[in-house]
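The structure presented is a predicted model; accordingly, all values stated were derived computationally and were not measured. Proteins get letters first, then strands, A, B, ... in listed order; numbering begins at 1 in each.
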Amino acid sequence: MPELPEVEVVKRSLENNINDLVIKKVIINTNKLRYIINKKKLKEVVGRKITSITRRSKYLLIHFDKNISLIVHLGMTGKFLILNKKKKLEKTSFYYKLNSKDTKHDHIVFNFENNVKLIYNDVRKFGFIKLIKTNDINSSNHIQFLGPEPFSKKFNLTYFLKYIRNKKKTVKDLLMDQKFVSGLGNIYVNEVLYLSKIDPKRKSFRITTIEIKKIISFIRQILKKSIKDGGSSIKDFSDGGGRSGVFQQNFKVYNKEGDKCFTKNCKEFIKKTSISNRSTFYCRRCQK
DNA sequence: TTCTTTGTTCCGGA
DNA sequence: GTCCGGAACAAAGA
C-alpha cells in the first residue's frame with residue numbers, strides 16, 4: 001500500500017529513468033481509473049519533455065515543459081513499470097510481482113524516445129493520473145488542503161500542541177488525517193503508535209508533550225528507514241519473479257495479529273481491532 | 001455471495 | 001458553524 005515512503009521511492013526511480021525524456025505516444029486502455037479519464041486531455045503530454053519529478057504527500061507530480069504536469073495518485077495498488085530499449089524491466093517498482101496476470105491491469109502506457117516505456121498498472125483502479133497546468137497544482141483540490149509534510153519544520157511540537165487543543169478524535173484518526181499531517185496511511189500510523197507506546201484509541205487532546213515528541217520523532221525515523229529499505233528493495237529487485245520490499249518485513253504490528261509482541265520481555269500477543277473502519281493492530285500491554 | 005483492502009468524501013448526529 | 005465517525009465508493013480476489 002503506497003504511503004509516503006513508497007511514493008518517494010517511486011519518485012526517485014522515475015527521476016533516474018525518465019527525466020529529460022520526450023513523450024512520443026500515450027496508449028490508454030481503460031475509460032476510468034479512480035475518475036473518468038479525459039483521454040484527449042491526457043494526450044496533451046505527447047511531444048512534451050519531462051523537466052522534473054516531485055512528490056507532495058502521496059501524490060507524484062511529473063512536470064513537463066510548457067506548463068504541463070501530471071498529478072498521480074497510486075491508490076491502493078497503483079505501480080509504475082519502466083521498460084528500456086532492450087525490453088528489460090528497470091528496477092523501478094516497489095513490491096512488484098511479475099506474472100502474466102498483471103499485464104491485464106496495464107492501464108496506461110507512455111512511450112518515450114529510444115523505445116523507453118512507462119507503464120501504469122493498477123489492479124484495483126483506485127489510483128488516478130490527471131493532466132494539470134503546473135501553475136494550478138498548489139490550488140488544486142488534491143493539494144491545497146494538505147497538512148505539512150512530516151519532514152518539514154512546520155510539523156513540530158508547537159504545531160501539534162495547537163492543533164490537538166479540543167480535538168476529541170482518537171490519536172490514530174488524527175495521524176491519519178491528511179489535513180493534520182500529510183503522507184501517513186494506516187500501516188505507518190499503526191507502527192508509529194506502537195513504537196511510541198501509545199494506545200491508538202486515546203483522545204488527541206490527552207496526548208502529552210513527551211508523547212508528542214516521541215510521535216514526531218518516530219514518524220520521521222520510520223519513514224526515513226522505509227524510504228531507505230524501499231531503495232534496497234529496488235536494489236534487490238529481480239525481474240524473474242519479483243520480490244517484496246524489505247520494508248514489509250520490518251512491520252512490528254501491522255498485520256501481526258496473534259504474533260508475540262516485539263518488545264523485550266513482553267509476553268503479550270498483538271491484538272486486532274477497528275478504529276473508524278480501519279484495521280488497527282496494537283499491544284495491550286505496551287501501548288497505554 | 002460476502003468479505004476484505006485503502007484513501008477520500010459524504011452526511012447524519014452531536 | 002464545527003467536529004466526529006460511520007457508511008459508502010471504487011475493483012477484484014479469496
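- At a threshold of 4.0 angstrom between heavy atoms, the contacts of Y59(A) are confined to the sugar-phosphate backbone, with no base atom among them.
- Straight-line distance from the CD atom of E257(A) to the P atom of dT5(B): 10 Å, rounded to whole Å.
- Computed from coordinates, the Y254(A) OH to dT6(B) C1' distance equals 8 Å when rounded to whole Å.
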Show me the protein contacts with nucleotides 2-7 of chain C, counting only N or O atoms at under 3.5 Å.
{"residue": "dC4(C)", "atom": "OP1", "partner": "K168(A)", "partner atom": "N", "Å": "2.5"}
{"residue": "dC4(C)", "atom": "OP1", "partner": "K169(A)", "partner atom": "N", "Å": "3.4"}
{"residue": "dA7(C)", "atom": "N7", "partner": "N277(A)", "partner atom": "ND2", "Å": "3.2"}

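- Atom CD1 of I37(A) is separated from atom P of dA11(C) by 12 Å (rounded to the nearest Å).
- The interatomic distance linking F126(A) (CZ) with dT5(B) (P) rounds to 13 Å, in whole Å.
- Phosphate contact (OP1/OP2 of dA11(C), side-chain N/O of H107(A), threshold under 4.0 Å): absent.
- Residue Y35(A) has no polar side-chain atom (N or O) positioned under 4.0 Å from OP1 or OP2 of dC9(C).
- At dT8(B), one or more side-chain N or O atoms of H73(A) fall inside 4.0 Å of OP1 or OP2 (strictly under the cut-off).
- F180(A) and Y159(A) have their aromatic ring centers within a separation under 6.0 angstrom.
- Judged as a salt bridge (Lys or Arg N to Asp or Glu O under 4.0 Å), the pairs with a partner in residues 206-222 of chain A (not counting sequence neighbours) are, in order, R202(A)-E211(A).
- Residue contacts for K272(A): at a heavy-atom cut-off of 4.0 Å it reaches the sugar-phosphate backbone alone, with no base atom in range.
- Atom CZ in R124(A) sits roughly 11 Å away from atom P in dT5(B) (whole-Å rounding).
- Taking a cutoff of 4.0 Å between a charged side-chain nitrogen and a carboxylate oxygen, K201(A) and D199(A) do not qualify as a salt bridge.
- Between T77(A) and dA11(C) there is no side-chain polar atom (N or O) within less than 4.0 angstrom of OP1 or OP2.
- Every pair passing salt bridge (Lys or Arg N to Asp or Glu O under 4.0 Å) that includes a residue from residues 139-166 of chain A is listed here, sequence neighbours excluded: R55(A)-E149(A), R56(A)-E149(A).
- The CG-C1' distance, from N141(A) to dT9(B), rounds to 12 Å in whole Å.
- Judged by a 6.0 Å distance limit and a 45° cone about the ring axis, K130(A) is positioned over the six-membered ring of F128(A).
- Between K179(A) atom NZ and dC10(B) atom P there is a gap of 12 Å when expressed in whole angstrom units.
- Distance CG (L33(A)) to P (dT8(B)): 16 Å, rounded to an integer number of Å.
- L33(A) and L61(A) sit in two unconnected hydrophobic clusters of ILVMFWY residues. Membership requires side-chain heavy atoms under 4.5 Å apart, directly or through other members.
- Put simply, the side chain of T263(A) reaches to within 4.5 Å of the side chain of K197(A), judged on heavy atoms.
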